[in-house]
There are 4 protein chains.
Amino acid sequence: MNKEESEIARKRKAQILDAAAECFRVRGFHRSSMARISEAAEMSSGHIYHYFKSKEDIVAAIVERDRSEISVLQSAAAANPGQDVMDLFIDQLSHAVSIHKDLKRASLTIEILAEAARNPAIAAVVHRNDAEFHTALQELVGDDSRETRSRLEIVAALLAGLSVRALRNPKLEEDLDFDMLKRVVRFIHSV
Amino acid sequence: MNKEESEIARKRKAQILDAAAECFRVRGFHRSSMARISEAAEMSSGHIYHYFKSKEDIVAAIVERDRSEISVLQSAAAANPGQDVMDLFIDQLSHAVSIHKDLKRASLTIEILAEAARNPAIAAVVHRNDAEFHTALQELVGDDSRETRSRLEIVAALLAGLSVRALRNPKLEEDLDFDMLKRVVRFIHSV
Amino acid sequence: MNKEESEIARKRKAQILDAAAECFRVRGFHRSSMARISEAAEMSSGHIYHYFKSKEDIVAAIVERDRSEISVLQSAAAANPGQDVMDLFIDQLSHAVSIHKDLKRASLTIEILAEAARNPAIAAVVHRNDAEFHTALQELVGDDSRETRSRLEIVAALLAGLSVRALRNPKLEEDLDFDMLKRVVRFIHSV
Amino acid sequence: MNKEESEIARKRKAQILDAAAECFRVRGFHRSSMARISEAAEMSSGHIYHYFKSKEDIVAAIVERDRSEISVLQSAAAANPGQDVMDLFIDQLSHAVSIHKDLKRASLTIEILAEAARNPAIAAVVHRNDAEFHTALQELVGDDSRETRSRLEIVAALLAGLSVRALRNPKLEEDLDFDMLKRVVRFIHSV
DNA sequence: TATGAATGAGTCTTCATTCAT
DNA sequence: TATGAATGAAGACTCATTCAT
């Protein structure tokens, strides 16, 4: 029975987080009222408080859930043992780039970042997520030298920067030459 | 007389914008109440509405004012006629990088971007600023080929991405190798 | 269960409308703050917004509710089939007159009218109420000739005018001869 | 010099009262800000306070100025000595009726009445105006019997009621038969 | 006489959160 | 587990009024 409740609980939590994430994406945290979130989650606002103790808690949970996807790279690495991880990454670059350029994703990412910039609790989750991501990457690469860390930072900046550019320049798509970008990433790998 | 009034108005507006920008930097738009802003501006909240018709108007004015600084590059180009602008830029890269890594600046930038993602009025100002910046750059470079535009986008993404990385990774400073970054920018120039 | 909720809602709405009407009567719309209304309604101001989406909405609801009472006449007509409705009306004239002379009622009526003169939403409700009232009257009278409509208008003007006179002349009571008024109404009936 | 100032003062006061009356007509007292009135009066808001000590003072002055027009009747009586004043009045009834049906005039009248209903200072002016008007009428009629007073009250109610009807029934024009109204007034005279 | 900068109390409204059921 | 009634603090904004110039 305990388990059944847990099932429902997990389902309800996901329901809430999905609804809240969508609200936050569209309107931002501060313009997304609990009333609206509860409506989107098809659940009374009061009931949301059975699963999350505050609105901030929901934000934190969404940030927690919203880790960068590293699993694709991990399975690619498992399928191609011995091959350079960076090469595998470059093979999938097109995918990563299109994800980062996506305005919907960028909106939520930037919103989370803006919140992290003022809210220590959220900042903590963001920092932890980032640290875990980098740890996983370094394990994959099998190297933790300053050089490797710097390379990863530069590539990460480049990708994150695409989200910023997408929001700032509506014509990014036609201005950006993907092949040039690929050559740059390859250069970062070899530098 | 008309001019003197204008002087006062200009002074008061600047007073308000400075105070508001500082508030927004520290707390973000939505947590900065007009009461707090008016306190910071040393002016009654009612009086602020003589100069700005709404809080959103203040945000827009700050975004408007917060254009990227291209003048440094412009004067450098004027002082070194004939020299490649990208080389001049690379000479000043250290400055640009430290600006973008600065957490205070990054916070306001991201806050503005988050607002632009939901608020069409703010988005319009952001887009216009970006377009003007790029126009100025292209005039400086004297070239508007797809290649040049793409190069500018990639460099812009890299720099903007540093702000994101600074917010996500508190240890960015020690992880990032500035010389490597410089080599990458140089490569982008030559690619 | 749905019905019970409706019961509460209806009760609360009535509570709000009663309190608001009393406030409006005493102080007028613009001097009756939501804070005061909520106090009179023994309910938090925030809660009022669960039932009415704005202050104007409350005003509209009060106007809606404040239709002229025609039911007395209707039941009298039902009880005296075949008798001339105007005669029945004249029998009850004393009642109608004292209602219209009542300063409290007159105050709210005039307040509503003043609001209707500026506010199209309120004007619409007022016009609709009046149209419905006249339709009901005409059905009762069983006649919709120009003559009948004119007679009704003149009687209506006379009664409404008593409210105005009551507000303008504090001594109306002693100046007005009710029997003379009755003869006038009878004349209007026969003219 | 004192006299010249007085001239200017009188002119400025009229300027203010005209502007304010128009504002009040269109928007009502409470929605007409001093800023708007000063704009309409082509004068700074601060300067208005040289002539009126408060907004309420302006309202009172407008009410004061807005007495019913009895002069037409007075000059008609002077030109036709010996003739029954009520007959003269009936000759001019069409004029009086169209004035009272006029929506613009009705709006301001009702607004003033609504204000008088809450505001003792305004009520006092309204009552005084009405008393003076009736005194003048009685002098004209040369009779102050209860009967005459009652007749005057009933006619006054009828006319005032037309303003109310005009606001309530947009089709008053086509519903009301002026000749019937005239017969009624004549009856009131003879009753 | 004339301006309009400046104030700050007061307004309507929103919203996260609690709690009885 | 689930509802939604209820609260009240906080927010943006307005406005009559004052005052230095």
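Here is the naming used below: chain letters follow the sequence lines, and residue numbers restart at 1 for every chain.
Salt bridge R36(A)/E39(A): absent, no basic N to carboxylate O contact under 4.0 Å.
If you measure from atom NZ of K11(B) to atom C1' of dA5(E), you get 13 Å, rounded to the nearest angstrom. When rounded to the nearest whole Å, the span between NE2 of H30(D) and P of dA16(F) equals 10 Å. Between the CE atom of M43(D) and the C1' atom of dT1(E) there is a distance of 10 Å, rounded to whole Å. We find that CD1 of I48(A) is positioned 14 Å from C1' of dT1(F), with the value rounded to whole Å. Here dT14(E) presents its P atom at 17 Å from CD1 of I37(A), a figure rounded to the nearest Å. Rounded to a whole Å, the CZ atom of R36(B) is 19 Å from the P atom of dG8(E). One can place CD of E42(C) at 15 Å from C1' of dT7(F), the figure rounded to the nearest angstrom. In this structure, F29(B) atom CZ and dG11(F) atom P are separated by 17 Å, rounded to whole Å.
Closest non-hydrogen pair, F24(D) versus R118(C), comes out as O-NH1, 3.4 Å.
In this structure the side chain of V126(B) never reaches within 4.5 angstrom of the side chain of L167(A), judged on heavy atoms. Counting heavy atoms from C-beta on, the side chains of E64(B) and R128(B) come closer than 4.5 Å. Residues R65(B) and D18(B) have side chains in contact (heavy-atom distance under 4.5 Å, counting atoms from C-beta outward).
Contact between the side-chain N/O atoms of R31(D) and the OP1/OP2 oxygens of dC15(F) is not found at any separation under 4.0 Å.
Place R12(D) and S44(B) on DNA chain E by their nearest nucleotides, and R12(D) ends up nearer the 5' end.
Contact annotation for F52(B): no contact, since no heavy-atom pair falls under 4.0 Å across all strands. Heavy atoms of S32(D) sit under 4.0 angstrom from primed sugar atoms or phosphate atoms, though from no base atom.
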Find every protein N or O atom lying less than 3.5 Å from an N or O atom of nucleotides 17-21 of chain F, and list the pairs.
unit_1  : atom_1 : unit_2 : atom_2 : d
dT17(F) : OP2    : Y49(D) : OH     : 2.9
dT17(F) : OP2    : K55(D) : N      : 2.9

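Just one of R12(B), K11(B), K13(B) meets the side-chain hydrogen bond (donor to acceptor under 3.5 Å, both in side chains) condition when paired with Q15(B); it is R12(B).
Note: H47(C) and H50(C) have tilted aromatic rings, judged against thresholds of 30 and 60 degrees for the angle between ring planes. Ring geometry, H30(A) versus H30(B): the interplanar angle falls under 30°, so the pair is classed parallel (tilted spans 30 to 60°).
Base pairing in DNA chain F yields stems of at least 3 consecutive Watson-Crick or G-U pairs, both distances under 3.5 Å, namely E:2-21 with F:2-21.
Side-chain N or O atoms of K55(C) include one that pairs as donor or acceptor with a backbone N or O of F29(C) at under 3.5 Å.
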